[in-house]
Undergrad: 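Okay, here's the structure, questions in a sec.
Just so we're on the same page: letters track the sequence lines, and every chain starts at 1. This is a predicted model, so every value here is computed, not measured.
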Amino acid sequence: MELKERYLAAKRRLFDIAYAGLNDMQRESVFTVKGPLLVLAGAGSGKTTVLVKRIAFIIKYGDAYFSEKLPHGLDEDSVVKLEEASKLSRGEIEQILPEFINEPCAPWQMLAITFTNKAAGEIKSRLASAFDDESISSSIWAGTFHSVCMRILRKYGDRVGYEAGFTVYDTEDTKKAISDIMKSLNIDDKVMPVKSVISSISKANERLITCDTFETEYAGDYRMRKVAQIYKRYQERLKSCNALDYDDIIMQTIFLLRDNEDARDYYRNKFRYVCVDEYQDTNLAQFELTRILASGYENIMVVGDDDQSIYKFRGADITNILEFDRTYKNAKVIRLEQNYRSTKQILDAANMIISHNTSRKGKTLFTDRTDGEKIKLRCCEDQNAEARYIIDEINKAVASGSRGFKDFAILYRTNAQSQAIERAFAKSGIPYRVLCGQRFNDRKEIKDVLAYLQLINNHKDNERLKRIINEPKRKIGKQTLDAVEQIAAEQSCSMYEIISQADKYTALKRSAGTLLGFAELIDYFSGLLDTDITLEAFVRQVIDRSGYRQMLIDGGDEEKDRLDNIEEFISGVIDYSSREEGGTLGGFLEENALVSEVDKYDDTADAVVMMTIHSAKGLEFPIVFLPGMEDGIFPGMQNILASDAEMEEERRLAYVAVTRAKDVIYIVHTQRRMLYGRTTYNPISRFVKEIPEELIDTVEERRSVSTSAEYAPKTYFSASPRFGAGFSEEKVTVNKPLFAKPAQEAGKRIFKEGDIVAHMTFGRGEILTVKPMGADTLYEIAFDKVGTKKLMATYAKLKKYEG
DNA sequence: CAGCCATATCTTTTT
DNA sequence: GATATGGCTG
């Protein structure tokens, strides 16, 4: 062999050894640095690891691995030395590697885009631990599509007509604005539901169709002509409010880059490397954005799994990934098919299900794990029996000591299914958490407080102004507001501007006083921002001086939860300030608009978790329950009736569901199910039938109601006889968590029903019920002053009431 | 202008 | 069956 080849082989050998923790395909993905690269990463194949290691590799060594550059004066001796080096330890080899650096990339030239904040956070934190120097990892651009675009818009937003401090509108704001516009255009929302209009507009946004193009493109269609009208007004309205909705954030960024050569050149020259995660979920706009950003160097790497594309209904275009190698000529395609998560049985089942799809790149996952059990299939009478079965199985496993509550996840097709299960769990006393679409921020009181803050931050924000101008009641009614809105439209200025000069308009004469008062309030808050007040103190001022807090206090018992929620919101503000040095109101609002509840899901609490299969994507659990595996539920009836493409998407969802499980999977279906007030009799899901019988263990229904009694160790009853006391229902007793640790262990004393206790803030109260929740205890306490509350022993800091 | 009762709606939703 | 919205009345 020639000297040159020996040198390159020896060099690559050293890198291979240094990255021996990865398998061959993973390593090749890491080392392939230049040009377009598609990594088809199956579920549980170490996708994030590859992504992070590759970014770190590029920054450390550039394209050292495949580079054919030779050192000056290459001779026999130095090659032999290099060949010998492979016998050294990994640590020693790593010392040698820097000598191969070729065209390394500065951290700020690296862009990594994900879909969720959670994924972005994961990448950021893993990168932070990959580099000793914090300044390296923090200068890498890693964020969601939306946060990356926001960053670009903050720099160049004025080019597309946005002022500093622009606002993000969420789906609710959009809905309000659209239905408002429809009213003003006299379009009946019975004939044209707001939802369908929004979805048409959103689809247009995703396909980068502006309202003008939309108008001409659909000129022949009456309905679409109307939509075009609404679309146009909506866009004008967003602009005049200095606001963008989620789709706009991406679309406007693209227009900005398309129409402004300097901005475009700045970014395409800046980002030498672009990485995109979950590429199968990109829509046309996102595809276009990555294409533009990567157009300078075309070093674009996308990671994804066509089999896990489950967001078509949101505009995700699976052809982006299927045709990646056609879009980018010379693209290299690497498949990661080794799964490090699930047992063989689980993978075989998943492979069999997904093999029924035709439009796919084709992958077959394999694993080294041979310790698995068959898939447990169980038929229950109805949804309540289904819930009880799940509870029994969890109790059994936890009682045997092998599992904690947090090892279990219940994944369902629709949120509605969680109800019956939740009810049963609430009774059982098993600690659980439900992740539903409803975000904490969607609660009215939070949205109201946010609206105040948003209006202060951006005075043009008419939507938020309308939301809170009469909340608390300031005697500013609809008529006054309509007048203000009309004048604002005529003068093409913001509603706030009109309100602050209300005395100048005869139409507003009657309410001029109250309107001016409101403007003064907002001005006062704006003035506060210029002082060195902390964000927390500022937010408290807003809540107090606006009268919002008083309104809730006056509201009595029903509004108690809302006050608590507002306190929780404030702790979010405190949290933000402590995380972001020099954090501003604008910064807080932006983060708030772009962060969802699922991002905050932490897996530390010992509780069973319930969520939709969609939300579970990217997560893994030792034991997974899939209730409601019935034709009509999953796949849903609408998808059964629709085209093959819909069914394939549904099947991919089933594939995602099954591949969440590490060790055990339970598939449950019922004979009869009550859903939406109707009893249905659904056959078992066709996806279950796609799993070969030899992988399935059909679990017979037991006749006895108290099946779990035989698993409940006697010690449980004798150790804590008190727990059953408040319940007469047998099944409740039976379903108590087994081996629930007495709270005493944590240095807390246990109270019983009827005890009188003292709480730090709520004062004197009487214990109504005592429920063990895993390692903690839930008390329901009737307080003298603040009514009945449910509190966890760990947090409540209760004392025996004395005197 | 605010509270109350009738009515419609019910996949999935990373931002 | 449960919940959010809207129209109507006080």
Undergrad: Polar atom pairs between nucleotides 6-12 of chain B and protein, under 3.5 Å, N or O only, would you list them?
TA:
unit_1	atom_1	unit_2	atom_2	d
B/dT11	O4	A/Asn639	OD1	3.4
B/dT12	OP1	A/Asn415	N	2.8
B/dT12	O4'	A/Arg413	NH2	3.1
B/dT12	O2	A/Arg413	NH2	2.3

Undergrad: Going by heavy atoms in the side chains, are A/Tyr548 and A/Ile468 under 4.5 Å from each other?
TA: no

Undergrad: For A/Ser202 and A/Asp247, what are the C-alpha separation, side-chain angles and deciding distance, and is it a side-chain hydrogen bond (donor to acceptor under 3.5 Å, both in side chains)?
TA: CA-CA 7 Å; A/Ser202 183; A/Asp247 295 325; 2.8 Å; yes

Undergrad: A/Asn117 side chain N/O closer than 4.0 Å to the phosphate oxygens (OP1, OP2) of B/dT15?
TA: yes

Undergrad: Kindly determine whether A/His614 and A/Phe313 satisfy ring-ring contact (aromatic ring centres under 6.0 Å, His included), including the steps that lead there.
TA: CA-CA 12 Å; A/His614 280 92; A/Phe313 68 93; 5.6 Å; yes

Undergrad: Once you round it to whole Å, what is the distance between P of B/dT13 and CG of A/Asp170?
TA: 16 Å

Undergrad: Atom CG of A/Asn283 and atom P of B/dT15: how far apart are they, to the nearest Å?
TA: 15 Å

Undergrad: Measure the distance from NZ on A/Lys175 to C1' on B/dT13 and round it to the nearest whole Å.
TA: 14 Å

Undergrad: Looking at the angle O4'-C1'-N9-C4 for a purine or O4'-C1'-N1-C2 for a pyrimidine, is B/dT11 syn or anti, with syn meaning within 90° of 0?
TA: syn

Undergrad: In whole Å, what is the span from the CG atom of A/Leu589 to the P atom of B/dT15?
TA: 17 Å

Undergrad: Just the rounded figure in Å: distance from C1' of B/dC1 to CD1 of A/Ile469.
TA: 15 Å

Undergrad: Got a sec? Which of residues 197-207 of chain A come in under 4.0 Å of DNA chain B, heavy atoms?
TA: none

Undergrad: As a test of reading the structure: which of C/dG1, B/dT14, B/dA2 is closest to the side chain of A/Met674, going by heavy atoms?
TA: C/dG1

Undergrad: Any salt bridge between A/Glu172 and A/Arg467, counting N to O under 4.0 Å?
TA: yes

Undergrad: Are A/Tyr655 and A/His356 an aromatic pair by the rule of ring centers under 6.0 Å?
TA: no

Undergrad: So, OP1 or OP2 of B/dA2: does either fall under 4.0 Å of a side-chain N or O from A/Asn470?
TA: yes

Undergrad: In whole Å, I'd like the distance from the CZ atom of A/Arg474 to the P atom of B/dA2.
TA: 12 Å

Undergrad: Please measure how far the C1' atom in B/dT11 lies from the corresponding atom in C/dG6, and state the result in whole Å.
TA: 24 Å

Undergrad: Between A/Arg686 and A/Glu690, is there a side-chain N and carboxylate O pair less than 4.0 Å apart?
TA: no

Undergrad: Taking only residues two or more places apart in sequence or in another chain, which ones pass side chain to side chain contact (heavy atoms under 4.5 Å, CB included) with A/Glu485?
TA: A/Asp180, A/Arg237, A/Lys466, A/Asp482, A/Met495

Undergrad: Figure out the CG/C1' separation between A/Leu435 and B/dT13, and round it to whole Å.
TA: 14 Å

Undergrad: Just call it for A/Leu411: base, sugar-phosphate, or nothing, with non-hydrogen atoms closer than 4.0 Å on any strand.
TA: nothing

Undergrad: List in chain and number order the residues that pass side chain to side chain contact (heavy atoms under 4.5 Å, CB included) with A/Ser685, two or more places apart in sequence or in another chain; answer none if no residue qualifies.
TA: A/Met629, A/Asp631, A/Pro635, A/Phe687, A/Val688

Undergrad: Please enumerate all residues that pass side chain to side chain contact (heavy atoms under 4.5 Å, CB included) together with A/Leu322, with sequence neighbours excluded.
TA: A/Asp306, A/Ile318, A/Lys361

Undergrad: A/Glu278: what forms a salt bridge (charged side-chain N to carboxylate O under 4.0 Å, His left out) with it, not counting sequence neighbours?
TA: A/Lys47, A/Lys617

Undergrad: Rounded to whole angstrom units, what separation is found between the CG atom of A/Asp180 and the C1' atom of C/dG6?
TA: 15 Å

Undergrad: Base, sugar-phosphate, or nothing: which does A/Asp281 touch, judged by heavy atoms less than 4.0 Å apart?
TA: base

Undergrad: Between A/Thr171 and A/Thr480, who's closer to the 5' end of DNA chain B by nearest nucleotide?
TA: A/Thr480

Undergrad: Base, sugar-phosphate, or nothing: which does A/Lys473 touch, judged by heavy atoms less than 4.0 Å apart?
TA: sugar-phosphate

